[in-house]
Amino acid sequence: MSCADVTVLKLNTKGTKVRRDIELALPRSFYARDPVRVAHELLGKILVRRGAKSIRTARVVEVEAYLRERDLAAHSAAGQTLRNAVLFGPPGHAYVYFIYGNHYCLNISCEPEARAGCVLVRALEPLLGVEEMARARQIQLKDTSTGELKRLTSGPGRLAEAFGITRSGDNGADLTDTKSGLWVTRSDFKVDKIIATPRIGITKSADLPLRFVIAGNPFVSGKKTILPRQGCL
DNA sequence: ATATCGATTATCT
DNA sequence: GATAATCGATATG
């Protein structure tokens with residue numbers, strides 16, 4: 001499973017490391033669709049953060065869709081404000097907001113023409129740059145077991161911290177342009193089954209089944225018994 | 001194992 | 001002034 005995707009860095013004939021899919025961001029057309037569709041297809045894709053001399057990647061394993069119509073939990077529900085302006089812009093941009101005085105959360109705008117739907121990224125499976133994620137989270141990893149890695153990126157606030165995502169730094173970033181330093185790329189990973197559940201932590205429109213997770217993936221947020229797993233580093 | 005609660009601040013009413 | 005798309009710590013069975 002996860003170990004296979006670490007080979008997004010492969011060796012060419014000269015033995016030099018070359019980047020394959022990582023440098024190709026998903027196109028804007030991917031995001032210019034309804035949020036439920038985008039949410040589904042985002043599962044299994046890979047979020048990439050490039051710094052000056054480092055790269056962090058992780059697989060998307062949990063998302064939530066927020067709709068423009070009949071969804072009172074969406075930040076866009078009450079219309080455009082300064083905070084949510086990105087949602088009313090073109091698709092494929094990062095909407096980053098600050099919550100509970102502590103955490104940032106990453107959304108991706110979707111739908112054509114300012115319809116203000118989006119997808120919240122809720123959990124990732126760490127792939128490359130695990131040590132930098134741990135640094136960003138100020139966590140000392142005891143090992144590379146699933147249980148330890150899960151602490152890095154399992155939850156919207158956690159993954160934002162692990163990837164160094166902030167409102168000042170990333171709100172409005174174009175995720176279809178690798179020059180932004182933050183983008184999403186394709187993966188050969190096959191998502192066998194998607195499970196839909198109500199969304200987490202909301203009070204309005206709380207019954208809609210708009211949270212989507214990769215069935216059985218241990219990096220999905222929430223408490224759960226972790227099966228023992230061999231380290232990946 | 002689950003339950004409850006405090007932290008901390010941008011944003012909106 | 002109240003609320004919030006969370007997290008981590010503490011308490012309790």
Side-chain angles (χ1 to χ4, degrees), chain A residues 31 34-36 38-40 42-43 47 58 60-89 91 93-111 115-124 126 133-142 147-173 175 195-213 218-228:
Chain A
Y31 301 101
D34 82 86
V36 172
V38 176
H40 272 84
L42 227 29
L43 292 175
L47 183 69
V60 179
V61 300
E62 174 180 347
V63 292
E64 287 177 358
Y66 286 85
L67 314 178
R68 177 60 172 138
E69 310 285 343
R70 289 179 294 283
D71 182 2
L72 297 178
H75 283 186
S76 57
Q80 184 170 349
T81 65
L82 193 58
R83 176 175 72 153
N84 65 20
V86 172
L87 296 178
F88 291 81
H93 287 254
Y95 166 52
V96 181
Y97 66 90
F98 190 59
I99 189 71
Y100 294 117
N102 286 291
H103 310 288
Y104 293 99
C105 294
L106 171 67
N107 298 257
I108 308 178
S109 63
C110 8
E111 300 194 297
R115 291 200 56 222
C118 69
V119 173
L120 168 68
V121 183
R122 283 195 54 89
L124 305 172
M133 295 181 206
R135 260 198 308 281
R137 293 266 296 125
Q138 306 192 55
I139 280 178
Q140 290 280 350
L141 287 178
K142 298 199 308 280
E148 281 293 287
L149 294 180
K150 181 170 174 174
R151 298 197 293 148
L152 296 175
T153 51
S154 176
R158 288 171 169 181
L159 73 88
E161 186 171 43
F163 271 62
I165 294 168
T166 63
R167 179 167 166 85
S168 62
D170 300 288
N171 188 51
L175 301 186
I195 294 177
T197 80
R199 294 171 293 184
I200 305 288
I202 58 172
T203 56
K204 291 168 284 191
S205 299
D207 48 331
L208 301 176
L210 293 176
R211 171 176 175 259
F212 306 108
V213 307
F219 294 92
V220 166
S221 72
K223 307 173 183 176
K224 207 188 289 185
T225 307
I226 304 292
L227 299 171

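To find a chain, count down the sequence lines: A is the first, B the second, and so on, and within it residues start at 1. Just so it is clear, the model here is predicted, and its values are computed rather than measured. Side-chain atoms are counted along with the backbone in the values below, which use heavy atoms only and exclude waters and symmetry mates.
Across all strands, A/L120 comes closer than 4.0 Å to base atoms (heavy-atom distances).
Between the NE2 atom of A/H103 and the P atom of B/dG6 there is a distance of 15 Å, rounded to whole Å. A straight line from CG of A/N84 to C1' of C/dA4 spans 14 Å, rounded to a whole angstrom. Distance A/I165 CD1 to C/dA5 C1': 15 Å, rounded to the nearest Å. One interatomic measurement links the two molecules: NZ of A/K150 to P of C/dT6, which rounds to 15 Å at whole-angstrom precision. Here the C1' atom of nucleotide B/dA10 and the OH atom of A/Y95 are 10 Å apart, to the nearest Å. Here B/dT13 presents its P atom at 12 Å from NE2 of A/H75, a figure rounded to the nearest Å. Distance CZ (A/F98) to P (C/dA4): 16 Å, rounded to an integer number of Å. Rounded to whole Å, the distance from CZ on A/R83 to P on B/dT9 is 16 Å.
Among C/dG8, C/dA4, B/dT9, the nucleotide with an atom closest to any side-chain atom of A/R158 is C/dG8. Counting only heavy atoms from C-beta on, A/N107 has its side chain closest to C/dA5 among B/dT11, C/dA5, C/dA4. Nearest to the side chain of A/R122, among C/dA5, B/dA10, B/dA3, sits C/dA5. Residue A/N102 places its side chain closer to B/dA7 than to any other of B/dA3, B/dA7, C/dA4.
Relative to the ring axis of A/Y66, A/R199 places its NZ or CZ within 45° and under 6.0 Å from the centre.
Nucleotide C/dT6 forms a pair with B/dA7, judged by Watson-Crick or G-U wobble geometry with both contacts under 3.5 Å.
Along DNA chain C, the nucleotide nearest A/I202 and the nucleotide nearest A/R151 are compared for position; the residue whose nucleotide lies closer to the 5' end is A/I202. Position along DNA chain C of the nearest nucleotide to A/R137 versus A/K204 favours A/K204 as the more 5'-ward residue. With DNA chain B read from its 5' end, the first of the two nearest nucleotides for A/T81 and A/I99 is the one closest to A/I99. Taking the nucleotide of DNA chain B with the nearest heavy atom to each of A/R167 and A/G101, the more 5' of the two is matched to A/G101.
With respect to the salt-bridge test (charged N to carboxylate O, under 4.0 angstrom), the residues A/R68 and A/E111 do not qualify.
Between the side chain of A/D71 and the backbone N or O of A/E69, no donor-acceptor pair lies under 3.5 Å.
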Fill in: Verdict with reasoning, A/F163 to A/L47, per side-chain contact (heavy atoms from CB on, under 4.5 Å)
CA-CA 9 Å; A/F163 271 62; A/L47 183 69; 3.8 Å; yes

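The aromatic rings of A/F212 and A/H40 sit tilted, their planes meeting at an angle between 30° and 60°.
For C/dA5, the base has a donor-acceptor partner in the side chain of A/Y97 [N/O atoms by modelled type, under 3.5 angstrom].
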